[in-house]
Amino acid sequence: MRDPYEVLGVPRSATAAAIKSAYRKLAKKHHPDSNKNDPKAAERFAELNSANEIIGDEDKRKQFDRGEIDAEGKPRFQGFPGGGGPRGRAGPGGFESYSFRSGGAGPGAGAFEDILNSMFGGGMRGARPGAGGGAQFEFDTGGIGLDLDVNVAMSVSLEEAVKGGEKRVRLPNGKELNVKIPAGVIEGQQIRLRGQGETAQGHPPGDLLITISIAAHPFFKVDGADLRIDLPVTLYEAVLGAKVRVPTLGNAVELSVPKNTSSGRTFRLKGKGLPKSGGSGDLFVTIRIMLPDGNDAELEALMEKWRDQHPYNPRSGLG
């Protein structure tokens, strides 16, 4: 993966707020739902998420800046304190082989080799005499730095995010898989399918990392575990009061709109939001008074009469 600062287009000196702003702007621009005719949009969106996971997190950003982790968040090998630095040379298969000096081939050399073998899974070669009488150890880093993971983005509906389901995802290599979506997934969550990434001879297969995005809903807006909806009502329903049907993610419910309800008034329906730990969020219903389409001479005459007989100024408090 590219340098996360480069992916998000920010300098290394950027503030956390600047990084957050850049990520939101680019994520909105490259979201797969906004680029349905661009086959590479999902790949770019996944790259943005990966970059934000590194430098959008304070601790991971410090680790990356210190060179402790790479752009994928994987640890970088730093060498051994007090020992000679690694010396790379071309090895079999095009990989690099590194040599480390132990500082001496004395009685402790065998124990040092045992430590290295335990760290590198038995991949250490035995000690052999080096220049100046020191013992030289070698190991092959065949798997170090080889990233076989595959990142893709998947857009799900709000109903799928809440209830779960199954969707088919297409990988960059053309392969297609059926993916089970667990109930309760959230925006930005990753699903890991082990062993479904790329393969390379002599290495375990990588994983498939699926980043979830929740598609915009026709009328619900997500606010954490809560949902919000604008509910259109007629002028006479707002004035006289009425029982109005309100959709939810389950069955529709009836909301009692009191008399003389103004547009913008919000009602809360408890437990009708998204599932969360210990229960569910709420559904907030905001009243929007809608006038009939076209000109209505009778309504206009009624309003003129009302204006003359009952004048009032709802903007008086604005100065």
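All heavy atoms count here, side chains included; hydrogens, waters and symmetry mates do not.
- Heavy atoms of other residues, nucleotides or ligands lying less than 6.0 angstrom from CE of M303 number more than 12.
- In the hydrophobic clustering (ILVMFWY side chains linked at under 4.5 Å, chained through shared members), W306 is joined by Y312.
- Within a 6.0 Å sphere centred on CD of E58, other residues, nucleotides and ligands contribute 12 heavy atoms or fewer.
- Under the side-chain hydrogen bond (donor to acceptor under 3.5 Å, both in side chains) criterion, R245 pairs with no residue, sequence neighbours left out.
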Practice prompt. Evaluate the side-chain contact (heavy atoms from CB on, under 4.5 Å) criterion for residues V244 and I287: first the C-alpha distance (whole Å), next the side-chain angles of each, then the deciding distance (0.1 Å), finally the verdict.
Written response: CA-CA 11 Å; V244 184; I287 298 296; over 6 Å; no

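- By the 6.0 Å contact criterion, CD on E298 is open, its count of non-hydrogen atoms from other residues, nucleotides or ligands being 12 or less.
- Partner of P4 under the side chain to side chain contact (heavy atoms under 4.5 Å, CB included) criterion, out of D70, V10, I55: I55 alone.
- By the side-chain contact (heavy atoms from CB on, under 4.5 Å) test, L26 is found to be paired with L8, H30, L48, residues two or more places apart in sequence or in another chain being considered.
- Shown here for A161 and I214, the closest heavy-atom pair between the two residues is CB-CD1, 3.9 Å.
- Here the closest heavy-atom approach between residue R228 and residue D223 is recorded as NE-OD2, 3.2 Å.
- Side-chain contact check for I181 versus M154: some heavy-atom pair is nearer than 4.5 Å.
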Practice prompt. For L227 and V222, run side-chain contact (heavy atoms from CB on, under 4.5 Å): C-alpha distance rounded to whole Å, both residues' side-chain angles, the deciding distance at 0.1 Å, then the answer.
Written response: CA-CA 5 Å; L227 293 176; V222 179; 4.0 Å; yes

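- Under the 30°/60° scheme for interplanar angles, the aromatic rings of H217 and F219 are found to stand perpendicular.
- In terms of heavy-atom proximity, G271 sits nearest to D282 at N-OD1, 2.9 Å.
- Contact detail for R288 and G264: the closest heavy-atom pair is NH1-CA, 3.7 Å.
- Taking 4.5 Å as the limit, some side-chain heavy atom of Y5 sits within range of a side-chain heavy atom of R61.
- Heavy-atom contacts from other residues, nucleotides or ligands closer than 6.0 Å to NZ of K74 number more than 12.
- A heavy-atom distance below 4.5 Å is not found between the side chains of P205 and L148.
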Item to complete: Begin from the C-alpha positions of D207 and R194 and carry the test side-chain contact (heavy atoms from CB on, under 4.5 Å) through to its verdict.
Response: CA-CA 4 Å; D207 298 335; R194 298 196 177 277; 3.3 Å; yes

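- Contact annotation: the side chain of N49 approaches that of Y23 to within less than 4.5 Å [non-hydrogen atoms, C-beta and beyond].
- Under 4.0 Å is where a charged nitrogen must lie from a carboxylate oxygen, and between R66 and E68 at least one such pair does.
- Evaluation of the side-chain contact (heavy atoms from CB on, under 4.5 Å) rule for P275 yields V162 as partners, not counting sequence neighbours.
- Nearest heavy-atom pair, I212 versus I191, reported as atom, atom and distance to 0.1 Å: CD1-CD1, 3.9 Å.
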Item to complete: Start with the C-alpha distance between L249 and L274, add both sets of side-chain angles, then the distance that settles side-chain contact (heavy atoms from CB on, under 4.5 Å), and finish with yes or no.
Response: CA-CA 9 Å; L249 287 178; L274 301 178; 3.6 Å; yes

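- Within the 4.5 Å cutoff, the side chain of V257 has no heavy atoms near those of the E237 side chain.
- With contacts defined as side-chain heavy-atom distances shorter than 4.5 Å, the pair V246/L283 qualifies.
- Heavy atoms from other residues, nucleotides or ligands lying under 6.0 Å from CG of N173 number more than 12.
- Pairs engaging residues 255-281 under the side-chain hydrogen bond (donor to acceptor under 3.5 Å, both in side chains) rule: K243-S256, T266-T286 [sequence neighbours left out].
- Minimum heavy-atom separation, V150 to G197: CG2-CA, 3.9 Å.
- Residue pairs that meet the salt bridge (Lys or Arg N to Asp or Glu O under 4.0 Å) test with at least one member in residues 10-21, sequence neighbours left out, are D3-R12, R12-D65.
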